[in-house]
Amino acid sequence: MGAEGDGGGSGSKRRGCSCTKDDFLPEESFQSWGNYGRALRETGMRLRDRLVTRSLETTELTEVRARSGHEMKKNLSWWDLIWFGIGAVIGAGIFVLTGQEAKEAAGPAVVLSFIVSGVSAMLSVFCYTEFAVEIPVAGGSFAYLRVELGDFMAFIAAGNILLEYVIGGAAVALARSWTSYFATLLNHHPNDFRIHATSLSADYSRLDPIACLVIAIICIFAIISTKGTSRFNYIASIVHLAIILFIIIAGLTKANIHNLTPFTPLGTRGIFSASAVLFFAYVGFDAVSTMAEETKNPAKDIPIGLVGAMSITTACYCLLALVLCLMQPYTEIDTDAPFSVAFSTVGMDWAKYIVAFGALKGMTTVLLVSAVGQARYLTHIARTHMVPPWLANVHPRTGTPINATVVMLVATAVIAFFTNLNILSNLLSISTLFIFMLVAVALLVRRYYVSGETTPANRNKLIACLFLILSSSVATALYWALSAKGWVGYFVTMPVWFLSTLALQVTVPEARKPKLWGVPLVPWLPSASIAINIFLLGSIDGLSFARFGVWTVLLLIYYLFMGLHASYDTAKASERSKEVAKLEEGKGVEATEIHPTGE
C-alpha cells in the first residue's frame, strides 16, 4: 500500500459566502468536457490508484484540515463530551422503538436486547476512541478509514455515514417521533399534524411539516456556536436525566411483576432481532468523535467523554425498558408513544405530559448534537474533494461549517417530510453496523500493519486472519438468518472465528503501539466487535438490505463519475506541489552552502 499527501488543488483559503464553479468543481478533470472525457477513459487506472493509496495521519491533521480556510475553535472538555454523548444518543430509540420492539419482537426480553446492543456499541466506542485520540479531526470514521483502509473504502463508509445521519440519527426518525410526542402533549393523534397524500405509497404518504420546522430551528442553533450548543445541550440533558429518573421511580410504583411473563415470547431470535433494530438507539456517539478537532485535550477528554456517555446511556436504557414492561403487558404497549400511554393506562394520566416533555427534549438534543456531528463529517469529506469543496468552508466568525450544516439539514428535512420510522430505523441500523464493523477492521490494520515496516510475510498473515474473521462472522450471521432452529453450523463458524483471532495474536507481531490511549485486549476486542456487528446485520429484514443495495449502487455511480476524479486530481496536485516545494528547498540549501553569509 502506498501513502499520499492530499493537498488542495484549489487553495486552502475560500470566501465563506463564495458560490462559483471553482467552489464546486475546481479540479482539472472538470475544467472542460475534453478533460472530463480523458478522465473517464482513465477511470480504471485512477480507481486502482485510489484502492491501494492510503492517506497519512499528518495529511489529515494538517493539509486536509487547512482546506477549510479557518480553524475550528478548541473549546470542548470531557465534561462537554459526556453531555454531548448523552444528548446525542438518548432520544427516539428509547422513547419510540422500545415499545415497537417489545410488542412486535422481543416482549419483556427487550431489556436483554438493549444489553446486547449496548455491548456491541461499547466495543465500537473503544475502537472509535483510540482513533479519535490519535487522529483528532472532524472527519471521524471517514478520516480513520482513509488512513488505514484507503480512499475507496473511506468513500463507501462516507456514503453510509451521510445516510446514517440524514435518515436516522441526525433527524428523520427523531423529527417524526418529535411530532408523535408533541401530539401526545396536546392530546392529539400524531397524524392530526401530518398531511395525508393519498397519491403516494403508504410508507411515504404521511407528510410531516412539523418535522421540517424543528429541523430548521436546530440548523440555526448548530451554525451559531459549538460551545453555545454545548451549554444548551448540557442544561437540557440534565433536565432530561431528571425526567428519566422520574419515569423510572414513578413507573416502579405501578409495576406488576406478572407483566414479565412470558419473558421471551419469541425466543432468542426475537431478542437478537430486536437488538439489531434497537442499535438505532445507540447511534449518535460517533458524532462525539467528530468533535475531536474542537477538544482541548483529546488524549484525556475523548476516552472519558465517550465511555462515560455510553455507560450512562446503557444503564438508562435497560432501566427504562424494564419499567415499561412492568407497567403493561407487552401485547398492550403502544408503539407510537409507549411511555405516555403506559402511564395513562395505570391511572397516572397527568404523568404522560411529563413523559412527552422529556421525550421532546431528548429528541431535540439528539437532533442538535447530530446536526453538529453530521456537518463535521461532511466538512472533512469535502476537504478531500470527494464532494464539492464548497462544503468544507468554516466561517471565520462562528468557527462552524455553515455550508455543510445547512445542506445536510435541508436533505434531512426533505426525507423527514415523507418517510416513516420503521423503514428508517432498519436502514439506519444496516449502515451504522456496517461502518462500525469497518472501523474495527481498520483498528486491527492500524495495530498490525505499518507501510514500509511490516514484512510481506506478516502482511499476508494479517490479510489471511482478517479474511477468516470476516468470513466466519458472515457465515454465522447467514446461518442465523437462514436456519430457524439449527445449531450445528455455529460449531463450525465460531471456532473458525476464535482460531483466526488467536492466530492473529500469536503469529503477527504488533507493528504499532498507541501513543496516548489504546483499545485493551487487542485483537480480541475489535475482532469481537466485527463478529457482533455482522451478526446483528443478519437479524435485519431482506427489504432493508435491498434499500441498502440501491443506496450502495448510487454511491458507486457517483464515485466513478465524480468523486473518484475529483479526489484523484486533488491528490496528484498535492504531490506536484510537494515536489516543487522540495526542489525549491533544495535550491535554497544549495545557495546557502555556496554563500553561507547570504551574499
Side-chain angles (χ1 to χ4, degrees), residues 1-3 51-52 54 56-57 116 119-135 141 144-150 153 157 299 303 306-307 433-480 487-538:
M1 292 181 180
L51 281 171
V52 300
R54 304 192 302 165
L56 299 172
E57 285 183 37
V116 172
V119 169
S120 177
M122 185 63 81
L123 294 177
S124 296
V125 162
F126 279 114
C127 297
Y128 266 82
T129 300
E130 179 170 329
F131 275 118
V133 169
E134 300 278 312
I135 312 174
S141 52
Y144 315 151
L145 295 174
R146 257 173 59 85
V147 170
E148 301 303 337
L149 300 183
M153 288 307 302
L306 274 171
V307 176
L433 289 165
F434 176 70
I435 295 163
F436 290 173
M437 180 271 293
L438 285 180
V439 171
V441 171
L443 182 67
L444 290 176
V445 172
R446 179 176 182 80
R447 287 292 193 95
Y448 289 95
Y449 178 83
V450 174
S451 181
E453 297 182 19
T454 302
T455 65
N458 286 331
R459 180 198 61 200
N460 293 339
K461 284 188 283 186
L462 170 63
I463 293 172
C465 290
L466 286 176
F467 175 79
L468 289 172
I469 289 171
L470 289 167
S471 298
S472 59
S473 299
V474 170
T476 302
L478 286 174
Y479 189 73
W480 171 261
W487 292 93
V488 177
Y490 302 124
F491 290 102
V492 176
T493 60
M494 295 308 295
V496 171
W497 171 84
F498 177 84
L499 292 173
S500 54
T501 306
L502 180 64
L504 179 57
Q505 181 183 31
V506 173
T507 66
V508 185
E510 278 198 55
R512 185 197 330 248
K513 295 287 185 182
K515 303 184 189 76
L516 301 171
W517 189 94
V519 173
L521 301 175
V522 173
W524 294 99
L525 191 150
S527 181
S529 181
I530 292 169
I532 292 176
N533 287 330
I534 293 178
F535 182 77
L536 290 177
L537 283 171

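Values below: all heavy atoms of this structure, side chains included; hydrogens, waters and symmetry mates excluded.
- Between the side chain of Glu134 and the backbone N or O of Leu516 there is at least one donor-acceptor pair closer than 3.5 Å.
- The aromatic rings of Phe498 and Trp524 are tilted relative to each other, their planes meeting at an angle between 30° and 60°.
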Q: List the steps and the verdict of side chain to side chain contact (heavy atoms under 4.5 Å, CB included) for Leu536 and Ser120.
A: CA-CA 9 Å; Leu536 290 177; Ser120 177; 4.0 Å; yes
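- With rounding to the nearest 0.5 Å, the separation of OG in Ser529 from CZ in Phe126 is 11.0 Å.
- What you find for Glu130 and Pro514 is that their closest heavy atoms are OE2-CB, 4.0 Å.
- Atom OG of residue Ser473 and atom CE of residue Met494 lie 7.5 Å apart, to the nearest 0.5 angstrom.
- In this structure, Glu148 contributes its side chain and Leu443 its backbone to no donor-acceptor pair below 3.5 Å.
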Q) Between Thr129 and Trp517, is a side-chain hydrogen bond (donor to acceptor under 3.5 Å, both in side chains) present by the stated rule, with each step listed? A) CA-CA 8 Å; Thr129 300; Trp517 189 94; over 6 Å; no
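- Closest non-hydrogen pair, Ala299 versus Val133, comes out as CA-CG1, 3.7 Å.
- For the atom pair OG1 (Thr501) and CG (Leu466), the distance works out to 9.5 Å, reported to the nearest 0.5 Å.
- In this structure, Met153 CE and Leu145 CG are separated by 7.5 Å, a value rounded to the nearest 0.5 Å.
- For the atom pair CH2 of Trp480 and CZ of Phe535, the computed distance is 4.5 Å after rounding to the nearest 0.5 Å.
- The two residues Ala503 and Thr507 come nearest to each other via the heavy atoms O-OG1, 2.5 Å.
- Within the 4.5 Å cutoff, the side chain of Tyr449 has no heavy atoms near those of the Val508 side chain.
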Q.
Run the side chain to side chain contact (heavy atoms under 4.5 Å, CB included) test on Thr493 and Tyr479 for me, step by step, so that the C-alpha distance in whole Å, both residues' side-chain angles and the decisive distance to 0.1 Å come before the verdict.
A. CA-CA 9 Å; Thr493 60; Tyr479 189 73; 5.6 Å; no
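- Side-chain contact between Cys127 and Tyr144 is absent, with no heavy atoms from C-beta onward closer than 4.5 Å.
- Put simply, the side chain of Ser141 does not reach to within 4.5 Å of the side chain of Leu438, judged on heavy atoms.
- Of all the heavy atoms in Ile135 and Arg446, the pair that sits closest is CD1-NH1, 4.0 Å.
- The CZ atom of Phe434 lies 9.5 Å from the CD1 atom of Ile534; values are rounded to the nearest 0.5 Å.
- Partner Pro526 forms a side chain to side chain contact (heavy atoms under 4.5 Å, CB included) with one of Leu444, Ile469, Val445, Val441 and no other, that one being Leu444.
- Listed for the Arg447 side chain is no donor-acceptor partner under 3.5 Å among the backbone atoms of Glu510.
- The side-chain heavy atoms of Ser124 and Val439, taken from C-beta on, include no pair separated by under 4.5 Å.
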Q: Give the intermediate values and the outcome of side chain to side chain contact (heavy atoms under 4.5 Å, CB included) for residues Trp497 and Thr476.
A: CA-CA 9 Å; Trp497 171 84; Thr476 302; over 6 Å; no
